[in-house]
Colleague: 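The structure is given below, and queries will be raised subsequently.
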Amino acid sequence: MLNLFINLCIYISLFIIIMGGIFSIGYLVYLIKSLLHSENSDAKKEEIR
Amino acid sequence: MRMEAFFQLTFFIVVLAAASIPLGFYIAKVYNKERTFLDFIIQPIENLVYRIINIDASAEMRWTQYTFALLSFNLIGALAVYLFLRVQKFLPLNPSGFPGVNPDLSFNTAISFMTNTNWQAYGGESTLGYLAQMMGLMVQNFLSTATGLAVAMGLIRGFSRGESGTIGNFWFDVTRATLWILLPLSIIFSLFLISQGVPQNLNSYAEITTLEGARQIIAQGPVASQEAIKMVGTNGGGIFNSNSAHPYENPTALSNFFQMFSILLIPTAICIAFGKMMRDKRHGFVLLAAMLVLFIAGFIAVGYFEKNGNSMINSDLGSRQLCNMEGKEVRFGMTASSLFGVITTSASCGAVNSMHDSYTPLGGMVLLVNMALGEVIFGGVGAGFYGILIFAILTVFIAGLMVGRTPEYLGKKIESFEVKMVMIGILSAPAIILIFTAIGVLVSAGKAGITNPGPHGLTQVLYAFTSPANNNGSAFAGISCNNLFYNILTGLAMLLGRFLVIIPALAIAGALARKKIIPISKGTFPTTGYVFVLLLVSVILIVGALTFFPALCLGPIVEHLQMIHGITH
């Protein structure tokens, strides 16, 4: 039973770390997109001026 | 071989070799607990995991303890996937409002992702919400791959240790595989795929009006992250039903090349790591050489049959002969599709960028044979390695019988217990495939799935059990498999095919770890030269031929004969 409980804990720990990894990829993409978007907007504003 | 195919293959092998050698050394360092450049980030996370759970990850396990830990860990994974699929209706991030998946399909999918098969009897974009994809399938993509790697490491320790009786710690092995190897590689590969145009978002499906005025739903989602581990972990289960043929999973020629590369990266690197851990790199290179011989032969054969195309079509075309482009993406072409097909069936990945059902009869047969040989031509992460090591033990046993000496491999005597385990490991998958195929073509529920009767129908059923039993997961797209009969039977095939190799492999590891390491003598059969490579390849082919030749004769070979004689019924 102890073995099963440890396996469950390992599963949950790795689950959290993997999900963290997946969301960090998404967040990184969001950051890069926002950065590119803001750069583009600045360039456009400059162009209009 | 045409020059284009030759250059593509050569370039592929050179890039693969250049990347897998440093990765192999890195894997060896990770499992030998040596310093790596990622220690400063990952070591604190690993230590925290062990501290929270309060376990000693350096505590050694006997093979029985290791197996029990592995089985219970995998059981938890399967139950979690089953639960996520059943209750997905209540989960957030389900913008299309998909209902819970029915019990038999949930069972099939849970077993599929637990066993690293990733056989998908459903269309991902029309069945699963984002959270079910991520929490259920994507997490299991990592953990099933880590399990395969753990078994490979257990077996390596069985050979490298003398009179110890233990083969390592499963929790340590699975945690190291996930944190040190799979996560970093997946993050890098995800970012590369995103740069190529693969979506990574949680948006609702886009509804657009086409130029013709029709309405079209464009599915999207967290594709890049799933795609990365799908390839790196030789899983093969994509977000979209058409898998790597879909432009959102595989948008460019470059993404196609690196998808193929990433499938074989870890399986190749494990062989290098094996040589390093055994302190004789030649042992790893020998296994790699045997894999490469079979791989190149498979590619030449598929390329030849697909290049020659369908003789019934070409007979009407005179001098303008067409290659077989049915079921293939024009943007990838015949050669890259054939290479992808050979790689994915060799490596137990199961991702596809062309439809294998549409290959020429003999081209499709080669893909079938790649799997039927036991997924030892590179194979799945870890699984291919312990698979070919089992064949290597059989080879030294047969060589020993031929010359009348007690067989030895890597300084360990191979005795009756090991050979019995080897036989279970090698014969279980063929037995499952042939028995289940026989059931499939006998009962009406099995025959109902066949969409193309005659010899091609037999090939469809044979493929439908060969792929799950060898934990490949690719589909011979023609057959209709999402019903109770196929969901239960292919689920059982995946379960038995996975663990009837893993348990004997760990039993062999345990038995070998207890034995003394014998120094090499004049009587030792050399296992580092080309003779051993030749013998190993021969044993793999003979076992495969003896078990599957009759079934192949009735399926693809008859279909080929019908094709060249112009028979269509």
Side-chain angles (χ1 to χ4, degrees), chain A, chain B residues 42 45-46 48-50 52-55 57 61 65 68-77 79-80 130-131 133-136 138-143 146 170-172 174-175 177-179 182-184 186-191 193-195 198-202 221-222 224-226 228-229:
Chain A
M1 276 317 278
L2 180 68
N3 196 312
L4 200 63
F5 178 70
I6 294 171
N7 274 308
L8 182 65
C9 295
I10 291 274
Y11 178 86
I12 293 168
S13 311
L14 294 178
F15 178 93
I16 293 167
I17 295 167
I18 293 165
M19 288 300 286
I22 295 165
F23 278 112
S24 71
I25 296 167
Y27 186 64
L28 208 60
V29 174
Y30 170 76
L31 278 182
I32 294 168
K33 267 181 145 180
S34 318
L35 200 70
L36 289 175
H37 183 72
S38 67
E39 275 179 5
N40 286 344
S41 318
D42 290 346
K44 268 182 192 163
K45 276 179 201 165
E46 198 62 39
E47 216 175 271
I48 292 164
R49 256 186 236 142
Chain B
I42 301 172
I45 302 172
E46 187 188 25
L48 184 70
V49 169
Y50 298 149
I52 291 171
I53 302 169
N54 195 20
I55 56 165
M61 291 178 174
Q65 293 169 311
F68 181 73
L70 181 146
L71 292 176
S72 49
F73 181 77
N74 277 270
L75 177 70
I76 291 166
L79 289 175
Y130 297 152
L131 213 55
Q133 289 268 19
M134 289 194 291
M135 293 202 308
M138 216 178 294
V139 167
Q140 206 49 44
N141 277 349
F142 282 91
L143 301 182
F170 174 73
W171 301 314
F172 170 83
V174 91
T175 307
T178 309
L179 299 187
L182 301 175
L183 259 175
S186 297
I187 290 173
I188 295 166
F189 196 49
S190 293
L191 294 175
L193 289 172
I194 291 165
S195 77
V198 177
Q200 177 71 16
N201 60 44
L202 298 171
S225 54
Q226 168 112 337
I229 185 62

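Source: prediction; values computed, not measured. Below, read A as the first sequence line, B as the second, and so on, with proteins coming before strands; counting in each chain starts at 1.
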Colleague: With a 4.5 angstrom heavy-atom cut-off, which part of B/Gln226 approaches chain A: side chain, backbone, both or neither?
Modeller: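 Answer is neither: B/Gln226 stays 4.5 Å or more from chain A.
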Colleague: Please flag which part of B/Ile52 lies under 4.5 Å from any non-hydrogen atom of chain A: side chain, backbone, both or neither.
Modeller: neither
Colleague: What part of B/Leu75 is in contact with chain A, defined as an atom under 4.5 angstrom from a non-hydrogen atom: side chain, backbone, both or neither?
Modeller: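 When you check distances to chain A, no heavy atom of B/Leu75 falls under 4.5 Å.
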Colleague: Given heavy-atom pairs under 4.5 angstrom as the criterion, report whether the side chain, backbone, both or neither of A/Leu28 touches chain B.
Modeller: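 Interface part for A/Leu28: side chain.
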Colleague: Any non-hydrogen side-chain atom of B/Val174 less than 4.5 Å from a side-chain atom of A/Leu14?
Modeller: yes
Colleague: Can you tell me which portion of B/Leu202 sits under 4.5 Å from chain A's heavy atoms? Options are side chain, backbone, both or neither.
Modeller: side chain
Colleague: Do the side chains of B/Leu70 and A/Asn7 get nearer than 4.5 Å, heavy atoms only?
Modeller: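 A/Asn7 vs B/Leu70: side chains apart.
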Colleague: Would you mind checking which part of A/Tyr30 comes under 4.5 Å of any heavy atom in chain B, side chain (CB onward), backbone (N, CA, C, O), both or neither?
Modeller: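 Neither part, no heavy atoms under 4.5 Å.
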Colleague: In this structure, which one of A/Val29, A/Ile22, A/Ile18 forms a side chain to side chain contact (heavy atoms under 4.5 Å, CB included) with B/Ser225?
Modeller: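 Answer to the side chain to side chain contact (heavy atoms under 4.5 Å, CB included) test with B/Ser225 among A/Val29, A/Ile22, A/Ile18: A/Ile22.
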Colleague: Measuring from atom CG of A/Leu8 to atom CD1 of B/Ile76, what distance do you get when rounded to the nearest 0.5 angstrom?
Modeller: 5.0 Å
Colleague: Is the closest side-chain heavy-atom distance between B/Val49 and A/Ile17 below 4.5 Å?
Modeller: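 When only atoms from C-beta onward are counted, A/Ile17 and B/Val49 do touch, with a gap below 4.5 Å.
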Colleague: Let's test your reading of the structure: which of B/Phe142, B/Phe170, B/Phe73 forms the most heavy-atom pairs below 4.5 Å with chain A?
Modeller: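 The answer is B/Phe73.
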Colleague: Work out which heavy atom in A/Tyr11 is nearest to a heavy atom in B/Gly77; give both atom names and the distance.
Modeller: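 Between these two residues, the closest heavy atoms are CE1-CA, 3.7 Å.
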Colleague: Checking B/Ser190 against chain A: side chain, backbone, both or neither under 4.5 Å from a heavy atom?
Modeller: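 Just its side chain gets close to chain A.
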Colleague: Do you know the tightest heavy-atom contact between B/Leu183 and A/Gly21?
Modeller: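 So the minimum-distance heavy-atom pair works out to CD2-CA, 4.4 Å.
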Colleague: Drop me the distance from A/Ser13's OG to B/Tyr50's OH, to the nearest 0.5 angstrom.
Modeller: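 Atom-to-atom, A/Ser13:OG and B/Tyr50:OH are 10.0 Å apart.
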Colleague: For B/Ile187, is it the side chain, the backbone, both or neither that has a heavy atom under 4.5 Å from a heavy atom of chain A?
Modeller: both
Colleague: Grab the two heavy atoms, one from B/Met135 and one from A/Phe15, that are nearest each other, plus how far apart they are.
Modeller: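 Smallest heavy-atom distance, with atoms named: O-CE1, 3.3 Å.
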Colleague: Output the distance between atom CD1 (A/Ile10) and atom OG1 (B/Thr178), rounded to the nearest 0.5 Å.
Modeller: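 Between atom CD1 of A/Ile10 and atom OG1 of B/Thr178 there are 9.5 Å.
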